[in-house]
Amino acid sequence: MTAHVPTVEWERLGSRDVATNGITLRVVDHGEGGDDRPLVVLCHGFPELAFSWRHQVLALAEAGYRVLAPDMRGYGGSSRPEDVEAYDVLTLCADLAGLLDDAGADDAVFVGHDWGASVVWHMALAYPERVRAVVGMSVPPQPRPPAPPVPILRSHFSDDFYIVWFQEPGVADRALSRNVRRTLVARELWSAAWAARDDEPPPAPPWLDDDELDHYVRTFEKTGFTGGLNYYRNLDRGWALTERLADRRINQPSLFLTGSKDPVGRFMPPAGLDLMLTDLRGHVVLDGAGHWVQQERPEEVNAALLEFLSAEVR
């Protein structure tokens with residue numbers, strides 16, 4: 001089958017609600033799996049949904065894997081707690097541990113993109129016995145910084161750098177929700193300067209058709225962006241909470257995949273992968289690809305995932 005999955009085909013898969021860690025996650029659970037094939041859990045980033053993995057879920061299931069793709073805490077059909085502190089990275093990891101319990105799985109291969117990558121890297125550190133292997137896309141694992149990260153980002157960039165701008169509750173929330181379509185197809189990093197303009201949304205990228213964009217727009221018009229923004233608002237708190245993990249390294253089989261034009265690489269370069277990943281099996285850079293790599297280049301991403309799964313972790 002083609003790697004591109006039409007929205008209507010994704011919607012036919014359905015989903016279920018899983019109670020975990022005091023909340024519920026809306027989860028697409030697809031594929032049969034088996035004793036020789038690990039469970040695969042796909043974790044999306046900001047501002048995305050389980051839908052962001054539509055091209056991977058069907059390909060992995062067709063290859064014989066059982067795949068879980070949750071709307072992460074704060075997104076889509078999942079719980080959206082109001083407390084900002086409900087979104088620290090260890091709480092997000094505990095959500096995933098409960099997801100494994102519900103699936104009856106001792107462990108899984110965790111795959112994450114953007115914020116999802118940060119979560120699965122931390123999952124491998126905090127719950128090593130539950131992570132059979134780990135794949136991160138766009139955001140590489142980072143050694144613990146010497147101080148809380150937000151002041152470092154502010155000093156290196158500015159108050160208008162998107163992660164810094166996101167910190168004040170309510171500000172970016174209102175700006176991003178004012179025109180959801182414009183937010184989702186923005187061709188620049190969000191900022192106060194971007195928010196101050198009232199220009200029309202640019203055309204959607206060629207890898208996102210009208211039905212797909214409408215799916216995102218409908219969802220975020222309903223939920224807003226606060227849940228996802230709260231991940232950023234816990235960066236400094238997460239730094240403090242993970243002090244006990246500072247000396248750990250990720251020893252599971254690992255893969256890092258990114259696009260050569262991903263802007264994240266400018267401020268989170270992957271040069272130190274070997275410092276954190278003791279069993280790195282591959283570092284894939286898709287030439288010409290941007291940030292939304294699993295949607296933009298699904299054939300190549302699927303091929304890399306299936307090669308990693310079949311050759312390294314079966």
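Residue indices begin at 1 and follow the sequence shown.
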Carboxylate-amine/guanidinium proximity below 4.0 Å for Arg297 and Glu300: yes

side-chain contact (heavy atoms from CB on, under 4.5 Å) against Asp101, all qualifying residues, sequence neighbours excluded: Arg130

Over 12 non-hydrogen atoms of neighbours within 6.0 angstrom of CD in Glu200: no

With sequence neighbours excluded, residues passing side chain to side chain donor-acceptor pair (under 3.5 Å) with Asp199: Arg182, Arg197

Side-chain donor/acceptor of Ser79 to backbone N/O of Ile23, under 3.5 Å: no

Residue pairs, two or more places apart or on separate chains, that pass salt bridge (Lys or Arg N to Asp or Glu O under 4.0 Å) and touch residues 217-230: Glu11-Arg218

Ring centers of His44, Tyr75 separated by less than 6.0 Å: yes

With sequence neighbours excluded, residues passing side-chain contact (heavy atoms from CB on, under 4.5 Å) with Asp274: Leu280

Exam field: side chain Gln252 to backbone Ala124, donor-acceptor pair closer than 3.5 Å: yes

Salt bridge (Lys or Arg N to Asp or Glu O under 4.0 Å) contacts touching residues 238-263 (sequence neighbours left out): none

Residues that Asp88 engages under side chain to side chain donor-acceptor pair (under 3.5 Å), provided they are two or more places apart: Thr91, Arg237

Side chain Ser260, main chain Gly288, donor-acceptor under 3.5 Å: yes

For Phe220, all residues meeting ring-ring contact (aromatic ring centres under 6.0 Å, His included), sequence neighbours excluded: Phe225

Distance (rounded to the nearest 0.5 Å) between Met72 CE and Leu25 CG: 7.5 Å

Inter- and intrachain pairs under salt bridge (Lys or Arg N to Asp or Glu O under 4.0 Å), touching residues 160-171, at least two apart: none

By side-chain contact (heavy atoms from CB on, under 4.5 Å) - contacts of Glu212 (at least two apart): His4, Thr7, Phe51, Arg54, His55, Leu208, Asp209

Trp165: partners by ring-ring contact (aromatic ring centres under 6.0 Å, His included), with sequence neighbours left out: none

Residues which pass salt bridge (charged side-chain N to carboxylate O under 4.0 Å, His left out) with Asp106, listed by chain and number, not counting sequence neighbours: none

Any side-chain donor near an acceptor of the partner, Tyr216 and Ser52, under 3.5 Å: yes

Under the side-chain contact (heavy atoms from CB on, under 4.5 Å) test, residues paired with Ala303 that sit two or more places apart: none

Whether Tyr87 and Tyr231 hold their rings parallel, tilted or perpendicular, with breakpoints at 30° and 60°: tilted

